[in-house]
Every structure is written in C-alpha cells, then in structure tokens.
Amino acid sequence: MTQTELTTTAAASSAEAPPPVRARRRFSREGVTRLLFVAPAALYLVLFFGYPVVKNITMSLQEYTTKTFFTGEAPWVGLANYQAVLNSNLFWPSMTNTALFTIGSIAGQFIIGLALACYFKRRFPLSNFLRSMLLLPWLLPLIVSSATWRSILEQDSGILNQFLGTFGIEPVPWLTSPAVALIAVVLVNIWVGIPFNVTILYGGLQDIPDELYEAGALDGATGWKAFRHITLPNLKPVISVVLVLGVVYTIKVLDIILGLTNGGPANATQTLSIRSYQESFINFEFGVGAAFSNILILISLVFAVIYLRANRRAVDE
Amino acid sequence: MTSVETAVVHVPAHRNAGKERNRSAGYTALGILFLAVMLFPVYWMVNASLQPSGNTLTASFFPLNPSFEGYARAIAEQGPNLVTSLIVSLVTVVFSLLVAAPAAYALAQFRFRWVNVALLAILISQMIPGIVIANALYAAYNDLGLLNSIPGLILADATHAIPFVILIMRAFMIGIPTSIVEAARVDGAGLVRAFVSIVLPISRNSLITAGLFAFLFSWSDFLFALTLTTTDEVRPVTLGIYQYLGTQVSNWSAVMATAVLSSLPAIALLILAQKYIAAGATGGAVK
C-alpha cells in the first residue's frame with residue numbers, strides 16, 4: 001500500500017512539474033536544502049545505531065575490560081571471547097531460557113490477544129473505551145510493571161498466593177524457586193504484551209470486509225467455522241507481522257527479568273540479553289558481553305528478514 | 001437495495017429488541033470483567049501504595065484507611081529522580097521531533113532514489129537490542145565525559161524515539177497532497193518555509209502522537225538509566241525503583257507509591273489523549 005502511494009505521488013507531481021530545464025536548476029539550488037532535511041537524522045542513526053553495531057563487533061574481538069578505560073588498551077584476542085561464551089556453563093541454559101521465554105510469551109500474548117481482539121470486534125456499549133483502556137499495561141514503564149508484579153508474586157504475602165490459598169493451594173514460590181521462576185517471568189511478560197497484540201490484531205480484523213462474513217453466513221459459515229475459514233486466512237499477513245515483531249521485541253527484553261529476578265534464582269531466568277548485560281556491566285567483561293549481544297543481533301537479524309518478507313506480503317495484499 | 005434488506009431483517013429483530021439489549025449489556029459486562037482482570041495489577045499497585053504498614057502481608061483489599069506515608073517517603077527519596085526523568089523526557093521529545101520530523105517529510109515527499117533503503121535501515125534500527133547500544137555507548141561516553149550526564153541520557157533515550165517518530169510521521173506525511181506545498185512554492189516560499197508554515201501545521205496530529213510516544217519511551221527508559229549512570233547525581237526514577245527492588249523490599253508502600261507516580265504520565269495520556277495514543281499504537285508497528 002505504502003509503495004503504491006509513493007509511486008502515485010511521485011507520478012502526480014512529476015506530471016505537474018515545471019519544464020525540465022527549470023527543474024534541473026531548481027534541483028541543484030535545492031539539492032543541499034533537501035539533504036539538510038535528512039542529514040541530522042542520518043547522522044544520528046549512524047552514530048547511535050550504526051556505530052554501536054560496529055563497535056560491538058570490534059569489542060567482541062578484543063579484551064575489553066575495566067583496565068581498558070584506564071590504559072586505553074584493548075588487545076585483540078581473535079575469537080577468544082566467543083570461545084569463552086560457548087564454553088561458559090551459562091551459555092546453553094541462557095539459549096534455552098531465551099527460547100522458552102520468547103516462545104511462551106509470544107504464544108500467550110498472541111492467543112489471549114487474538115481472543116480479546118475478536119471479542120472487542122463486536123459493537124457493544126463502551127467497546128471502544130474498554131479496548132483503549134486495555135492499552136495501559138503496554139504504556140507503563142516496564143520497571144513499574146516488574147515492581148508491581150513482584151509485590152503480587154511475593155511468596156508469603158503476595159496477593160496471588162493469598163488468592164490461590166482460598167482454593168486450598170499451597171503458596172507457590174513464584175520468584176524464588178528455580179523451577180517456577182521462568183514461568184512467572186513469562187506470565188508477567190504475557191501480561192505486558194497482550195495490549196500490543198490486541199491493538200494490531202484488532203486493526204487487522206477491522207480490515208476484513210463484512211461482506212465476506214455475510215457471504216460466509218449464507219453458506220452456513222458462522223462462529224468457529226467463520227473464524228477458521230474467513231478470519232484466519234484473511235488475518236494471516238497481520239498475524240505474521242505480529243508474531244515476528246513479538247519475537248524481535250521479546251528476545252531483547254531486559255527490564256522485566258532484571259526487575260523480577262535479576263536472572264536468578266540460581267540462574268533460572270538467564271537469557272542472552274541478561275548475560276550480555278551482566279558480562280558487560282556487572283563483570284566489566286565488555287568483550288564477552290559484546291559477544292553475547294552479537295549472538296542476539298544475529299538471531300534478531302534472522303527474524304528481521306522474516307519480518308520484512310511478511311510485511312512486504314502484508315503490503316502487497 | 002441494501003436498505004430494503006436491512007429493513008426486512010429489522011422487522012423481526014424489533015420484536016426481540018429487549019433480548020438484543022440484554023445481550024449487548026452482557027457483552028459490556030463481560031468486557032468490563034476482562035478489563036478488570038487485565039488492570040488488576042494496576043489497581044493493586046495503587047492499593048498497595050496507600051497501605052499504612054508498608055507491608056503487603058497486612059494489605060487489605062481496599063484502601064479503607066488510606067495512608068500517604070508511602071507517598072511522603074517516595075517524594076522525599078525519589079523526588080529529584082522524578083525531576084531528572086521529567087527533564088530528560090521533555091528534552092528528548094524536542095530533540096527527537098527536531099531530528100525526525102524533517103526526515104519524515106523528506107522520506108515521504110522528496111523523490112530520493114534511496115528512500116526504500118533508508119526505510120529499511122530505520123526498520124532494522126528499531127530491532128537492534130538496546131544492550132548493544134548500551135555496550136558501545138558506555139565506552140564512548142566514558143571517553144567523551146557523557147556518563148552521568150543529562151545530555152548523555154537524552155541522546156541515548158532518543159534511540160527509543162527517533163526511528164518510531166520518523167516512521168509514524170512519514171506514514172502521515174505521505175498523504176499530504178503535493179499541490180498544497182507546490183502552491184506555496186509558486187508564491188515564493190522556500191522549502192524550509194513551506195515545511196514550517198504548511199507541512200508542520202497540517203501534521204499537527206501526527207506531531208502530537210509522535211511527541212507523546214517519544215515522551216513515554218524516554219520516561220520508561222530503564223536500560224540507559226541503568227548502564228549510563230553510575231552515581232546518584234543523575235538518576236532517572238526507573239532506576240530509583242530498581243534500586244528499591246535490589247534489596248529485600250521491606251517497605252512496599254514507598255515502592256508502590258513511586259510506581260504510581262511513575263505511571264501518572266501513561267495514565268494521564270491514556271485518558272486525556274486517547275485519540276493520539278490509539279493512533280500511535282497502530283501506526284508505528286505495521287506501517
């Protein structure tokens with residue numbers, strides 16, 4: 001859609017454009033001004049996105065520690081940092097945790113988000129108001145959500161265990177037992193991500209023409225059948241965008257985990273981004289931290305490619 | 001023809017109007033229940049912030065005897081941090097809009113050959129994990145003396161905002177008819193004048209949406225607060241909350257009061273500027 005718009009605008013304005021000679025002169029006079037419109041943003045993107053990516057690559061090949069900040073020396077060590085990462089006994093657990101955290105969060109957010117989006121698609125009094133209020137968890141600072149959930153999940157005094165206790169369920173050590181901590185962190189992250197999923201999926205549902213449902217109803221496709229044969233196929237491009245963006249946003253989550261468990265207990269909630277943070281800013285092993293974050297970038301990149309493909313398909317359709 | 005059909009359908013429906021009304025009331029009730037479950041943690045945050053003892057063990061379900069001890073302590077301990085967050089966020093908004101709005105216009109309306117490449121780069125920049133940026137900025141800031149400084153935080157926080165602002169404003173500006181700007185150009189206005197006096201006023205709504213989100217992104221920033229400040233001098237409130245959580249939490253009411261104060265911008269904007277927030281929520285992600 002965006003692309004067609006772009007070409008139409010371009011075509012329309014070139015049709016109105018003054019004779020070529022004048023246009024060329026104008027362009028050369030204006031060329032600089034035009035570039036000045038993009039120059040600040042371009043410079044910013046290069047300095048604050050381009051440079052960090054390059055710097056992370058070089059850092060990961062250096063012995064970059066606290067000493068570096070005093071002496072200015074960061075000896076090249078080849079792939080030693082990557083070797084250290086692969087040999088560390090936290091590497092595979094953190095890979096697994098990243099995968100479990102991401103898959104669990106996305107599955108929960110998506111299923112609940114889709115259900116809510118479908119629910120709010122019906123028109124009923126207050127439906128729009130209620131739906132927009134749902135956005136609140138998404139707009140709160142993540143560290144605020146972590147703090148709130150930490151009080152809710154407290155083993156002895158938290159409201160969740162008190163609530164479960166009324167059904168005779170023993171207090172669950174949500175954040176203090178290595179066996180359940182990851183589940184607790186995933187549950188909180190699902191809560192955080194639901195609004196985003198509802199919003200995007202609701203937008204997608206709005207774009208499905210009502211006629212399709214009317215035609216389907218004539219053929220006897222209502223309820224679940226209509227959902228399977230009309231809603232899902234038509235929502236597919238939006239679904240792929242939501243899922244891929246979800247993955248890209250979830251694998252880099254730091255605030256929620258740091259706020260809830262700090263990667264503990266007993267490293268049960270270590271993920272790649274927690275590892276990267278702790279290597280760099282707790283152990284001051286910037287080289288190792290950079291190696292971890294480069295692995296993270298590599299994974300993001302794969303999903304970025306998938307996203308761009310999915311998005312292009314969504315745009316084309 | 002459609003109206004005839006609807007009329008036909010509506011005749012029997014009319015007889016069931018009462019039933020119909022009950023049904024939609026049922027939908028509303030269930031919708032309220034869903035919302036209540038989703039927003040329960042927010043309620044609990046407010047409730048816990050008003051508990052007198054500061055200990056959730058004795059927290060009652062309703063703050064029947066609200067105590068503002070938690071708030072007094074929160075303001076005493078976190079007041080300066082709240083001010084720091086506010087300053088950083090406001091300047092980040094101004095900086096982000098100044099940098100991103102002209103670029104958004106250029107990408108929407110100038111016929112650059114590399115527009116698609118630029119858009120791709122911006123999309124990808126949004127996917128770069130923040131920890132990557134923090135790793136590199138820490139070293140660079142250390143050399144430049146920008147650690148523990150407000151300008152340093154502003155520049156870093158703008159990474160949350162600038163790509164988003166460019167994309168969302170471009171999506172809007174692409175719809176501005178070229179004829180409007182051309183007319184001004186014929187009257188002798190330069191590119192910059194046309195941009196400032198015509199494009200920006202037309203784009204008011206998208207500027208507001210972009211600005212609000214830039215504020216929320218920066219206000220919520222935790223990663224750069226955590227990595228690029230090391231002393232108490234410059235300390236955003238998100239880091240203040242994290243430090244409360246670092247030790248065994250003994251006084252929940254102060255923590256929750258700080259959390260409530262940190263949530264005020266989001267809550268206020270969601271209620272007062274719902275239209276703009278809704279526009280940003282859908283606009284930034286897919287388009």
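Quick note on labels: first sequence line is chain A, next is B, and so on, each numbered from 1.
Minimum heavy-atom separation, A:Pro125 to B:Thr28: O-OG1, 3.0 Å. Annotation for A:Trp149 and B:Pro41: closest pair CZ2-CG, 3.5 Å, computed over non-hydrogen atoms. Summarising the geometry of B:Ser262 relative to A:Pro141, their closest heavy-atom pair is O-CG, 3.8 Å, with the distance given to 0.1 Å. Of all heavy-atom pairs spanning A:Ala41 and B:Val99, the tightest one is CA-CG1, 3.4 Å. Nearest approach of A:Leu134 to B:Leu35, heavy atoms of both residues: N-CD1, 3.6 Å. B:Ala156 and A:Phe48 get closest at one heavy-atom pair: N-CE2, 4.3 Å.
Atom-to-atom distance recorded for B:Leu223:CG and A:Leu142:CG is 11.0 Å, nearest 0.5 angstrom. Here CD1 of A:Ile143 is found 6.0 Å from CG of B:Leu245. Values are rounded to the nearest 0.5 Å. Rounding to the nearest 0.5 Å gives a distance of 12.5 Å between CZ of A:Phe124 and CZ of B:Arg23. Note that the OG atom of B:Ser263 and the CG atom of A:Leu136 stand 7.5 Å from one another [nearest 0.5 Å]. Within the model, atoms CD of B:Gln274 and CE of A:Met133 stand 4.5 Å from one another, a figure rounded to the nearest 0.5 Å. To the nearest 0.5 angstrom, A:Leu245 atom CG is 8.5 Å from B:Gln126 atom CD.
With a 4.5 Å cut-off on non-hydrogen atoms, B:Phe217 does not touch chain A at all. In this structure, the portions of A:Leu140 lying under 4.5 Å from any heavy atom of chain B include both its backbone and its side chain. Residue A:Ser127: no heavy atom, backbone or side chain, is found under 4.5 Å from chain B. With a 4.5 Å cut-off on non-hydrogen atoms, B:Asn135 touches chain A through its backbone and its side chain both. Contact of B:Phe95 with chain A is made through the side chain alone, with heavy-atom distances under 4.5 Å. At a 4.5 Å heavy-atom cutoff, B:Leu98 makes no contact with chain A through either its backbone or its side chain. For chain A, the nearby parts of B:Ile267 are the backbone and the side chain; heavy atoms of each come within less than 4.5 Å. For chain A, no part of B:Ala104 is nearby; none of its heavy atoms comes within less than 4.5 Å. In this structure, chain B has a heavy atom under 4.5 Å from the side chain of A:Leu116, while its backbone stays farther away. Looking at A:Asn294, neither its backbone nor its side chain comes within 4.5 Å of chain B, counting heavy atoms on both sides. In this structure, the portions of B:Ile32 lying under 4.5 Å from any heavy atom of chain A include both its backbone and its side chain. Heavy atoms closer than 4.5 Å to chain A are found nowhere in B:Pro265, neither backbone nor side chain. The contact between B:Leu137 and chain A is made entirely by side chain atoms (from C-beta outward), counting heavy-atom distances below 4.5 Å. When heavy atoms are compared at a cutoff of 4.5 Å, A:Phe281 approaches chain B solely by way of its side chain, counted from C-beta outward. Looking at A:Leu45, only its side chain comes within 4.5 Å of chain B, counting heavy atoms on both sides. Residue contact with chain A, scored on non-hydrogen atoms closer than 4.5 Å, involves the side chain of B:Met256 exclusively.
In terms of heavy-atom pairs under 4.5 Å with chain A, the best-connected choice from B:Ile133, B:Ile241, B:Leu216, B:Asp143 is B:Ile133. Per-residue counts of heavy-atom pairs under 4.5 Å with chain B were compared for A:Leu126, A:Leu301, A:Asn262, A:Thr68; the largest is that of A:Asn262. Across A:Ile194, A:Leu135, A:Leu258, the residue that shares the most heavy-atom pairs under 4.5 angstrom with chain B is A:Leu258. With chain A as the partner, the residue from B:Ile128, B:Asp221, B:Thr258, B:Leu155 showing the most heavy-atom pairs under 4.5 Å is B:Leu155. Among the candidates B:Ser96, B:Ala121, B:Ser49, B:Ala134, the residue making the largest number of heavy-atom pairs closer than 4.5 Å to chain A is B:Ala134. In terms of heavy-atom pairs under 4.5 Å with chain B, the best-connected choice from A:Leu130, A:Val53, A:Leu43 is A:Leu130. The candidate from B:Val237, B:Leu30, B:Leu239 with the greatest count of non-hydrogen atom pairs under 4.5 Å with chain A is B:Leu30. Note: B:Leu226 leads B:Thr230, B:Val255, B:Leu226 in heavy-atom pairs under 4.5 Å with chain A. Contacts with chain B were tallied for A:Phe129, A:Phe303, A:Tyr51; A:Tyr51 has the most, counting heavy-atom pairs under 4.5 Å. Looking only at heavy-atom pairs under 4.5 Å with chain A, the residue among B:Phe195, B:Tyr105, B:Phe40 that has the most is B:Phe195.
A ring-centre distance under 6.0 Å is not found for A:Phe120 and B:Phe34.
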request  = Check the pair A:Phe37, B:Gln109 against side chain to side chain contact (heavy atoms under 4.5 Å, CB included), reporting the backbone distance first and the verdict last.
outcome  = CA-CA 11 Å; A:Phe37 270 73; B:Gln109 299 275 349; over 6 Å; no
request  = Assess whether side chain to side chain contact (heavy atoms under 4.5 Å, CB included) is satisfied between A:Phe292 and B:Ile131, documenting all intermediate values.
outcome  = CA-CA 10 Å; A:Phe292 265 111; B:Ile131 188 67; over 6 Å; no
key: Chi angles and distances behind the side chain to side chain contact (heavy atoms under 4.5 Å, CB included) call for A:Phe49, B:Ile124   = CA-CA 10 Å; A:Phe49 290 101; B:Ile124 289 181; over 6 Å; no
request  = Begin with the C-alpha distance, continue with both residues' side-chain angles, and end with the deciding distance and a verdict on side chain to side chain contact (heavy atoms under 4.5 Å, CB included) for B:Val132 and A:Leu296.
outcome  = CA-CA 9 Å; B:Val132 171; A:Leu296 202 58; 5.8 Å; no
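Side chain of A:Tyr44 to backbone of B:Ile162: no donor-acceptor contact under 3.5 angstrom is found. Judged by distance alone, with hydrogens and angles left aside, the side-chain atoms of A:Thr148 form no donor-acceptor pair with the main-chain N or O of B:Met45 at under 3.5 Å. Looking only at distances, no side-chain donor or acceptor of B:Trp44 sits under 3.5 Å from a matching main-chain atom of A:Ile152. Between the A:Arg34 side chain and the B:Ala106 main chain, no donor and acceptor come within less than 3.5 Å of each other.
For the pair B:Trp252 and A:Glu154, the minimum side-chain heavy-atom distance is below 4.5 Å. Counting only heavy atoms from C-beta outward, the side chains of B:Pro129 and A:Ser300 approach each other to under 4.5 Å. Contact of the A:Val38 side chain with the B:Phe110 side chain is not registered, since no non-hydrogen atoms from C-beta on lie closer than 4.5 Å. Between B:Met38 and A:Pro195 the shortest side-chain heavy-atom distance falls below 4.5 Å. In this structure, the side chains of B:Leu269 and A:Leu139 stay at 4.5 Å or more apart for every pair of heavy atoms.
A search for side-chain contact (heavy atoms from CB on, under 4.5 Å) contacts involving B:Ala139 returns A:Lys55, A:Met59, A:Tyr64, A:Phe69, not counting sequence neighbours.
Between B:Tyr27 and A:Tyr119, the ring planes lie perpendicular to each other; the angle is over 60°, past the 30° to 60° tilted range.
Shown here is A:Phe163, whose CZ atom has no more than 12 heavy atoms of other residues, nucleotides or ligands within 6.0 Å.
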